[in-house]
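Protein chains get the first letters and strands the later ones, always in sequence-line order, with residue 1 at the start of each. Predicted model, so just to flag it, every value in this text is computed and none were measured.
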Number of protein chains: 2
Amino acid sequence: MRYPPGHKEEKRKELLAISGAAIKQGGFVATGIDTLMQAAGVTSGAFYSHFASKNELLKAVIAQELLHSRKGWQKNPHTDATQWLDFELERYLNLSHVRHPESGCVLPSLGAEIGRADDEVKTLFEQEMHKGVEMLAQRLGSEETAWAFICQLVGAVLMARAMPDKVSQATVIEASKVFLRDAFKRN
Amino acid sequence: MRYPPGHKEEKRKELLAISGAAIKQGGFVATGIDTLMQAAGVTSGAFYSHFASKNELLKAVIAQELLHSRKGWQKNPHTDATQWLDFELERYLNLSHVRHPESGCVLPSLGAEIGRADDEVKTLFEQEMHKGVEMLAQRLGSEETAWAFICQLVGAVLMARAMPDKVSQATVIEASKVFLRDAFKRN
DNA sequence: GTCTATACGCGGATAGAC
DNA sequence: GTCTATCCGCGTATAGAC
């Protein structure tokens, strides 16, 4: 055969990573398959060798992105609760994250579009989210607290990205940072 | 003249309200002008008698929706801080709001798309948001706290809408409700 | 002010050559 | 597996009749 074994799986992974970044940046509906494949250096016809439809791509992107987010949390080196929290707050609530959705968390970028997607997408999303919430709950005490923590972070980046300049963006994310630090300090 | 004075202004208001609902439900990019005007009972050609472009419509929708949100806060009858908070939490964090974006807050629905819009849109958004934050700050003590409050609410509804069933939706919004109640209780 | 008709581009998806 | 070519529908926006 002309391609080494495992080539297809690797190519799919590559397309997935590039598509994920482009979709987080431009939005799922707004970004066409032509654009996605151009970013990957192939033509739109090649897309369907790897994904059955654009909706299948969305599911694959969600699974990949949320897996990546969970891996990110596992890299937090701190055992002390306060230090662990500060590390996560700095990592998520910073201007670079606000200004670079293509390499950031999928939730502020695609949350609303997942909400408008079909049940297959939402069910997959729920399953992947729950894995993350279970992980966070071990640090934050309960799944309930983990959900509230996530909602605060996601809402802050979502709102900050809608702001026109760095100053107002910083105001929004710093507010949530202070609020969360304060809420978890008194336990 | 064939139409009474003020007819155009009224018609524009009507188109704006109907378009706002449809866009919050389906997304700004994903909803075409044909669809919007069909919902209003006119054809797409009529749209341009009232708005210069789809982007101008987005700005008008944002201004209208955020004005409506501020009016909603003003209807809160409570003076006691705890009662005021409970009233707002119940009003925003409930399943009906999660399941009816067309009549709900514009922020979870269009936040990400505003983030991808041009500077004109974002600047308008910032100005309108600041009016609301100033109002909330009088209740919550500071603009910083107001921002954090908004981010938690918006993130909760955004995440809940991405969930596939009522149970998981309720889990998300209840978590934020408890979290916020707890955070403001200890002041 | 609203209608119909239309220009023109881009959307998702498929067929067949290589 | 990827390419080119193509189908068909929908997107924004405009022109001109009524």
Distances for protein N/O vs nucleotides 8-12 of chain D N/O pairs under 3.5 angstrom?
unit_1	atom_1	unit_2	atom_2	d
D:dT12	OP1	B:K54	NZ	2.7
D:dT12	OP2	B:I33	N	2.7

In short, salt bridge (charged side-chain N to carboxylate O under 4.0 Å, His left out) pairs touching residues 142-155 of chain B with sequence neighbours left out are none

Value for CG (A:L67) from CD1 (A:I62), rounded to nearest 0.5 Å, stands at 13.5 Å

To the nearest angstrom, the CG-C1' distance between A:L36 and C:dA13 comes to 14 Å

When A:N55 and B:V42 are each assigned the nearest nucleotide of DNA chain C, the 5'-most assignment goes to B:V42

note: A:F47, atom CZ; C:dT14, atom P; distance rounded to Å ~ 11 Å

Q. Are more than 12 heavy atoms from other residues, nucleotides or ligands located less than 6.0 Å from atom NE2 of A:H68?
A. no

Rounded to 10°, the angle between the first-five-pair and last-five-pair axes of the helix from C:dG1-D:dC18 to C:dC18-D:dG1 is 0°

- prompt: A:E56 versus A:H50: any side-chain heavy-atom pair under 4.5 Å?
  reply: no

B:M37 CE to C:dG1 C1', in whole Å, measures 13 Å

Taking only side-chain nitrogens and oxygens of B:T43, does any of them come within less than 4.0 Å of OP1 or OP2 of C:dC3? yes

* **Any donor-acceptor N or O pair under 3.5 Å, side chains B:S168, B:T171** => no

Salt bridge (charged side-chain N to carboxylate O under 4.0 Å, His left out) pairs touching residues 95-116 of chain B, sequence neighbours excluded, are none

Salt bridge (charged side-chain N to carboxylate O under 4.0 Å, His left out) pairs touching residues 41-54 of chain A, sequence neighbours excluded, are none

Here the distance between atom P of C:dG1 and atom CZ of B:F51, to the nearest Å, is 13 Å

Salt bridge or not between B:R12 and B:E9? Use side-chain N to carboxylate O under 4.0 Å. no

Residue pairs meeting salt bridge (charged side-chain N to carboxylate O under 4.0 Å, His left out), one or both in residues 70-88 of chain A, sequence neighbours left out, come to A:R70-A:E128, A:D86-A:R181, A:E88-A:R91

Taken to the nearest whole Å, CG/B:L15 to C1'/C:dG1 is 11 Å

Rounded to whole Å, the CD-P distance (B:Q38 to C:dT2) equals 16 Å

